Protein chains: 2
Amino acid sequence: MSPVEITPRHVRARDARDAAPLFAALGDETRLALLGRLSSGGPGSIAHLAHGSKVSRQAITKHLEVLSFAGLVTSEKQGRERVWKLAPERLAAAHAYLDHISRQWDDALERLKTFVEE
Amino acid sequence: MSPVEITPRHVRARDARDAAPLFAALGDETRLALLGRLSSGGPGSIAHLAHGSKVSRQAITKHLEVLSFAGLVTSEKQGRERVWKLAPERLAAAHAYLDHISRQWDDALERLKTFVEE
DNA sequence: GAAATAAGCAACCAAATCGTTGCACATCGC
DNA sequence: GCGATGTGCAACGATTTGGTTGCTTATTTC
């Protein structure tokens, strides 16, 4: 990994319109748990991911569809199973957007501080 | 700013239960726009923030309450106005959580890669 | 003190969200 | 082929969300 990374255009969330759906997809406990499970356990089928969950298989399917729509996971049909896995690019986009507003906030708070001190 | 920063405990989102409401609060275009406005324009009253917005003053009030509940903004009554401003700590928490899952994803993908290569 | 401005409160509405159940369809293993 | 397993699809229901309007209350300002 190179010390300086340039975030590629296609993973950057340019503005609120891009970023909001992404954060909305992350804004659910069950979905964050799913991402955690895919991360620690590797790719898995719906039944596998639903096993041990509080909610039904169909609920898990819906959550996976939401994550998929946000671009955070992808799936592939393998035999009678559909196997889901992480799609890291859009997570990088969320990251980039948070970095973006963090910098904005830092600047804003710095300006305020300067203003108060003057 | 020191080169190495240790994220304080109180701004860290420890698990999905902490982080989900935070992302949910960020998962709305209008709210992201509000945060952007507070960031670029500094603290502002409700009427000020609502001016030029697509939605009504009351809608803005509700969005500010959501952001406030998530800990992303705070307000203070000044005369007949209520002035809202950014609260950077919880944004840092969202940031920390994204960092956390980014690392998890990197590790997971690395393990997968290794597994495939073996 | 009266008009204007800023905000708070409550009721209401439409649509989205999160969950369920029931059933159909596809595929695997014997 | 047949049962078991994994998924897809559709309908339904409860709750939340995002928005509105109307009215009241508080504070300035002239």
Side-chain angles (χ1 to χ4, degrees), chain A residues 15-38 41-85 94, chain B residues 15-38 41-85 94:
Chain A
D15 54 40
R17 239 184 330 284
D18 295 331
L22 203 39
F23 288 127
L26 292 172
D28 180 276
E29 209 181 305
T30 305
R31 286 196 287 273
L32 286 183
L34 271 176
L35 293 179
R37 188 151 179 169
L38 283 177
S45 70
I46 296 173
H48 175 243
L49 291 167
H51 185 77
S53 165
K54 307 277 184 190
V55 298
S56 68
R57 171 182 63 84
Q58 287 83 348
I60 296 294
T61 295
K62 287 191 183 178
H63 282 300
L64 286 169
E65 279 166 1
V66 171
L67 289 171
S68 168
F69 190 76
L72 290 166
V73 298
T74 60
S75 72
E76 197 180 339
K77 191 103 190 202
Q78 290 183 7
R80 67 183 158 184
E81 297 188 327
R82 176 170 294 279
V83 177
W84 293 84
K85 62 182 168 191
Chain B
D15 54 40
R17 239 183 330 284
D18 295 330
L22 203 40
F23 288 128
L26 292 171
D28 180 275
E29 209 181 306
T30 305
R31 286 195 289 272
L32 286 183
L34 271 176
L35 293 180
R37 188 150 180 170
L38 284 176
S45 69
I46 296 174
H48 176 242
L49 292 167
H51 185 79
S53 165
K54 307 276 182 190
V55 299
S56 68
R57 172 180 63 84
Q58 288 81 348
I60 297 294
T61 296
K62 287 191 183 180
H63 282 301
L64 287 169
E65 279 166 0
V66 171
L67 289 171
S68 167
F69 191 76
L72 290 165
V73 297
T74 59
S75 73
E76 198 180 337
K77 192 102 191 205
Q78 289 183 7
R80 66 182 159 186
E81 297 187 328
R82 176 171 294 278
V83 177
W84 293 84
K85 61 181 168 191

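Quick note on labels: first sequence line is chain A, next is B, and so on, each numbered from 1. All values derive from a computational prediction rather than experimental measurement.
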Looking across every strand, which nucleic acid part, if any, lies under 4.0 Å from A:Lys62 by heavy atom: base, sugar-phosphate, or nothing?
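Base contact - A:Lys62 has a heavy atom under 4.0 Å of at least one base atom.
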Base, sugar-phosphate, or nothing for B:Ala59, non-hydrogen atoms under 4.0 angstrom?
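Here B:Ala59 touches the bases of the nucleic acid.
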Do the side-chain N or O atoms of B:Ser56 get closer than 4.0 angstrom to the phosphate oxygens (OP1, OP2) of D:dT20?
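Yes.
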Below the 4.0 Å mark, does D:dT7 have OP1 or OP2 next to a side-chain nitrogen or oxygen of A:Ser45?
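So the side-chain polar atoms of A:Ser45 do come within 4.0 Å of the phosphate oxygens OP1 or OP2 of D:dT7, strictly under.
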Return whichever of A:Asp28 or B:Gly44 has its heavy-atom-nearest nucleotide of DNA chain C closer to the 5' end.
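Comparing both residues, the 5'-ward one is B:Gly44.
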Would you kindly compare A:Thr30 and B:Glu81 by the position of their nearest DNA chain C nucleotide and give the one closer to the 5′ end?
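With A:Thr30 and B:Glu81 compared, the 5'-side residue is B:Glu81.
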Hey, are the side chains of [X] and [Y] touching, using non-hydrogen atoms and a 4.5 Å cut-off?
X: B:Ser53; Y: B:Ile60; value: yes
X: A:Leu26; Y: B:Leu22; value: no
X: B:Trp84; Y: B:Ser68; value: yes

Roughly how far apart are A:Ser45 OG and A:His51 NE2, rounded to 0.5 Å?
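If I round to the nearest 0.5 Å, the distance is 11.0 Å.
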Nearest 0.5 angstrom please: B:Leu67 CG to B:Leu35 CG, how far?
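Nearest 0.5 Å value for the CG-CG distance: 5.0 Å.
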Euclidean distance, atom [atom1] of residue [X] to atom [atom2] of [N] [Å, nearest integer]:
X: A:Arg57; N: D:dC9; atom1: CZ; atom2: C1'; result: 10 Å
X: B:Phe69; N: D:dG18; atom1: CZ; atom2: C1'; result: 17 Å
X: A:Leu34; N: C:dC18; atom1: CG; atom2: P; result: 12 Å
X: A:His51; N: D:dG6; atom1: NE2; atom2: P; result: 11 Å
X: B:Leu49; N: C:dG8; atom1: CG; atom2: P; result: 12 Å
X: B:Leu67; N: D:dG18; atom1: CG; atom2: P; result: 10 Å
X: A:Ile46; N: D:dG8; atom1: CD1; atom2: C1'; result: 8 Å
X: B:Lys77; N: D:dT27; atom1: NZ; atom2: P; result: 7 Å

Is the base of [N] touched by the side chain of [X] through a donor-acceptor pair closer than 3.5 angstrom?
X: A:Glu65; N: D:dG8; answer: no
X: B:Glu29; N: D:dG18; answer: no
X: B:Arg82; N: C:dA6; answer: no
X: A:Arg80; N: C:dG29; answer: no

Given [options], the nucleotide with the shortest approach to the side chain of [X]:
X: A:Gln58; options: C:dT21, D:dT20, C:dA7; value: C:dT21
X: A:Arg31; options: C:dA7, C:dC18, D:dG6; value: C:dC18
X: A:His63; options: D:dT7, C:dG19, C:dC18; value: C:dG19

Please report the closest heavy-atom contact between A:Phe23 and A:Ala94, naming both atoms and the distance.
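Answer, listing the atom of A:Phe23 first, then A:Ala94: CZ-O, 4.0 Å.
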